[in-house]
Amino acid sequence: MKKAKSLFCILFFFLNISAIFADGHAKITISDLWISEAPASASVLVAYVKLKNNTSSPISLTNITSTSFSSIEIHRTVIKNDVATMERFSKLEIPSDSTLKLLPGDYHLMLFNPNKPLSLGDKTELIFYFSNESKILMEAEVKKRNINKSQHNH
Ligand SMILES: [Cu+2]
């Protein structure tokens, strides 16, 4: 009887451990979030990020907010007849077990009306909302865009 009880305790212990690991393994991992340096007078800034879906089903980015900006939109730069234009997306799907990279010249986040000028090295926080109800707060740093070949006209 005593043996059975301790076996149960061991089992319970292991079950708990696996529950902790399952919880600690985030469904979405956000990395390399940065804002492209812009003149102090800029009313629109651009941010890039990597979104990794660690689950076996698609998850969508549904909204982004920040106290530093009036609004944030998901855009994609598209070249039509040699002219760069932008399309707006209401959400962005991250396929299962994959990483979606928002990069210059492709998908990006548009940050409207900064409440104060942001210069190189400044940091601010963005909150990402996903279709699986998760909400992730991330720090974004203002960095220099290393290659200026991307045509981003506003
Ligand atoms: Cu844009």
Side-chain angles (χ1 to χ4, degrees), residues 15-154:
L15 284 173
N16 254 339
I17 289 280
S18 65
I20 289 163
F21 276 110
D23 233 38
H25 189 62
K27 289 179 176 156
I28 299 274
T29 315
I30 301 180
S31 60
D32 298 320
L33 173 63
W34 62 284
I35 297 170
S36 187
E37 189 194 15
S41 59
S43 59
V44 186
L45 297 177
V46 193
Y48 304 100
V49 69
K50 283 179 192 156
L51 305 167
K52 185 167 182 268
N53 180 356
N54 304 307
T55 75
S56 52
S57 27
I59 296 175
S60 294
L61 171 67
T62 53
N63 197 21
I64 311 107
T65 62
S66 173
T67 52
S68 303
F69 304 96
S70 66
S71 63
I72 300 178
E73 293 178 2
I74 303 164
H75 284 193
R76 185 177 204 178
T77 304
V78 209
I79 313 285
K80 277 181 194 156
N81 306 320
D82 284 341
V83 179
T85 54
M86 295 195 304
E87 272 176 33
R88 187 187 170 182
F89 290 79
S90 58
K91 60 180 183 171
L92 199 55
E93 190 183 281
I94 315 153
S96 60
D97 298 301
S98 48
T99 303
L100 190 71
K101 294 174 188 171
L102 283 77
L103 298 164
D106 196 356
Y107 284 111
H108 56 272
L109 303 176
M110 302 294 324
L111 319 170
F112 294 92
N113 309 309
N115 53 20
K116 62 173 172 45
L118 290 167
S119 43
L120 201 66
D122 282 353
K123 287 170 184 167
T124 188
E125 283 167 347
L126 266 56
I127 303 171
F128 292 78
Y129 296 82
F130 297 92
S131 55
N132 68 341
E133 312 275 290
S134 62
K135 174 181 160 183
I136 304 171
L137 185 142
M138 280 296 290
E139 195 177 66
E141 190 181 334
V142 179
K143 292 183 181 177
K144 218 181 251 309
R145 185 189 290 252
N146 38 12
I147 316 154
N148 238 343
K149 67 175 182 186
S150 150
Q151 313 90 338
H152 200 98
N153 302 311
H154 286 284

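Order of appearance sets the numbers: ligands from 1, and atoms from 1 within every ligand. The first residue in the sequence is number 1, and the count goes up from there.
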### R88 and M110: CA distance, side-chain angles, deciding distance, side-chain contact (heavy atoms from CB on, under 4.5 Å) verdict
CA-CA 10 Å; R88 187 187 170 182; M110 302 294 324; over 6 Å; no

Check your understanding: Would you say T77 has an N, O or S atom lying under 2.8 Å from the Cu ion (ligand 1)?
Key -> no

Here the N/O/S atom of H75 closest to the Cu ion (ligand 1) would be ND1

Restricting H108 to its N/O/S atoms, the closest one to the Cu ion (ligand 1) is NE2

Any chance you could lay out the side-chain contact (heavy atoms from CB on, under 4.5 Å) test for F69 and L109, step after step, and finish with the verdict?
CA-CA 12 Å; F69 304 96; L109 303 176; over 6 Å; no

Rounded to 10°, the SD/M110 to the Cu ion (ligand 1) to SD/M86 angle comes out at 140°

Between E87 and R76, is the closest basic N to carboxylate O distance under 4.0 Å? no

Does E139, at its CD atom, have more than 12 non-hydrogen atoms belonging to other residues, nucleotides or ligands within less than 6.0 Å? yes

